[in-house]
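Notes follow the structure.
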Amino acid sequence: MSPRPLTPEEIDGALAELPGWRLAGDRLERTYSFARHLQAAVMVVHVARLQDELDHHADLLLGYNTLGVSVNTHSVGGKVTGLDVRLARRIEEIAPAHGAEAGVPAHGAEAGVPAHGTE
């Protein structure tokens, strides 16, 4: 079954269960903060493994002690689908084990997140 774009109500419902995530244009976004760079880099590798497992990939931006995640579904015109929500939930599950700190504001393209979509 092909993914379908979520309605605004469905996106709002999903975001209510994803603390720190936000809708920015047609993308789900979140920035994680860490005490040290290595923690952020290791989380990138773990997220990459999740992405391969789910066959759905986000844009990741590794900073000194931050990791920005931005995701939508290219195959439906760059809209948010259940695939994006599922990936965001899985990332949220692993973040605490990497020392990700809560309460970091979400980022946007102005912070260097690539503007292209993913599949």
Side-chain angles (χ1 to χ4, degrees):
M1 178 157 77
S2 296
R4 66 166 180 80
L6 298 179
T7 66
E9 294 78 18
E10 290 171 320
I11 293 170
D12 288 344
L15 289 173
E17 300 173 4
L18 291 167
W21 287 82
R22 71 176 187 133
L23 182 65
D26 287 330
R27 304 178 74 81
L28 295 182
E29 297 185 344
R30 170 102 158 70
T31 297
Y32 295 94
S33 182
F34 304 86
R36 297 189 332 251
H37 176 71
L38 185 58
Q39 292 172 297
V42 170
M43 185 159 156
V44 167
V45 174
H46 198 164
V47 170
R49 289 179 57 189
L50 288 176
Q51 292 177 137
D52 281 350
E53 176 186 317
L54 298 174
D55 194 27
H56 191 64
H57 301 84
D59 290 324
L60 305 176
L61 179 65
L62 177 63
Y64 170 71
N65 65 343
T66 60
L67 171 59
V69 181
S70 179
V71 64
N72 65 11
T73 303
H74 181 71
S75 63
V76 295
K79 302 293 184 185
V80 174
T81 70
L83 297 173
D84 306 307
V85 173
R86 185 170 72 164
L87 178 57
R89 285 181 179 144
R90 294 289 302 276
I91 293 170
E92 280 298 301
E93 290 172 4
I94 67 165
H98 292 282
E101 298 175 8
V104 178
H107 64 282
E110 67 280 357
V113 175
H116 63 283
T118 61
E119 295 208 15

- Item | pair V47-I94: side-chain heavy atoms closer than 4.5 Å | yes
- Message: Using the rule that Ile, Leu, Val, Met, Phe, Trp and Tyr join whenever any side-chain heavy atoms are under 4.5 Å apart, tell me whether V80 and L54 fall into a single cluster.
- Response: yes
- Message: Please tell me whether L60 and L18 are part of a single hydrophobic cluster in this structure, the criterion being side-chain heavy atoms less than 4.5 Å apart.
- Response: yes
- Task: Taking all heavy atoms of I11 and all of L6, pick out the closest pair and write down the distance.
- Result: CG1-CB, 3.7 Å
- Query: Can you check whether V76's main-chain N or O pairs, donor with acceptor, with T73's side chain at less than 3.5 Å?
  - Reply: no
- Item | Cluster check Y32, L23: I/L/V/M/F/W/Y, side chain < 4.5 angstrom | yes
- Task: Show which residues join L38 in its hydrophobic cluster (side-chain heavy-atom contacts under 4.5 Å, direct or indirect), or state none.
- Result: V42
- Task: Specify the closest pair of heavy atoms between L62 and A40, including all atoms of both residues, with the distance to one decimal.
- Result: CD1-CB, 3.6 Å
- Task: Say whether V85 and L50 are linked into one hydrophobic cluster, either directly or through other cluster members, by side-chain heavy-atom distances under 4.5 angstrom.
- Result: yes
- Message: With a 4.0 Å cut-off on N to O distance, would you call R90 and E93 a salt bridge?
- Response: yes
- Looking at residues at least two apart in the chain, or sitting in another chain, which of them share a salt bridge (Lys or Arg N to Asp or Glu O under 4.0 Å) with R36? none
- Query: So do M43 and F34 actually touch side chain to side chain, heavy atoms under 4.5 Å?
  - Reply: yes
- Q51 side chain vs A58 backbone, donor-acceptor pair below 3.5 Å: yes
- Message: Suppose the criterion is side-chain hydrogen bond (donor to acceptor under 3.5 Å, both in side chains): which pairs have a residue in residues 39-49, not counting sequence neighbours?
- Response: H46-H98
- Would you indicate whether the side-chain heavy atoms of R30 and E92 approach each other to under 4.5 Å? yes
- Query: Does H57 reach the side chain of D55, with side-chain heavy atoms less than 4.5 Å apart?
  - Reply: yes
- Message: Is there a side-chain contact between V71 and H56 in this structure, where contact means two heavy atoms from C-beta onward sitting under 4.5 Å apart?
- Response: yes
- Item | Spatial distance of atom OG1 (T31) from atom CD (E101) [nearest 0.5 Å] | 13.0 Å
- Could you list the residues that satisfy ring-ring contact (aromatic ring centres under 6.0 Å, His included) with H37, not counting sequence neighbours? none
- Query: Hey, does D59 have a side-chain heavy atom less than 4.5 Å from the side chain of V69?
  - Reply: no
- 4.5 Å side-chain heavy-atom contact, L61 and L67: no
- Query: How far does NE2 of H74 sit from CG of L83, to the nearest 0.5 angstrom?
  - Reply: 14.0 Å
- S70 backbone acceptor or donor facing R27 side chain under 3.5 Å: yes
- Which pair of non-hydrogen atoms, one from E29 and one from A24, has the smallest distance, and what is that distance? OE1-CB, 3.3 Å
- With sequence neighbours excluded, tell me which residues meet salt bridge (Lys or Arg N to Asp or Glu O under 4.0 Å) with D26. K79
- Taken in chain and number order and not counting sequence neighbours, the residues that satisfy salt bridge (Lys or Arg N to Asp or Glu O under 4.0 Å) with E9 are none
- Task: Find out whether S75 and P3 are in side-chain contact, i.e. whether some heavy atom of one side chain is under 4.5 Å from a heavy atom of the other.
- Result: yes
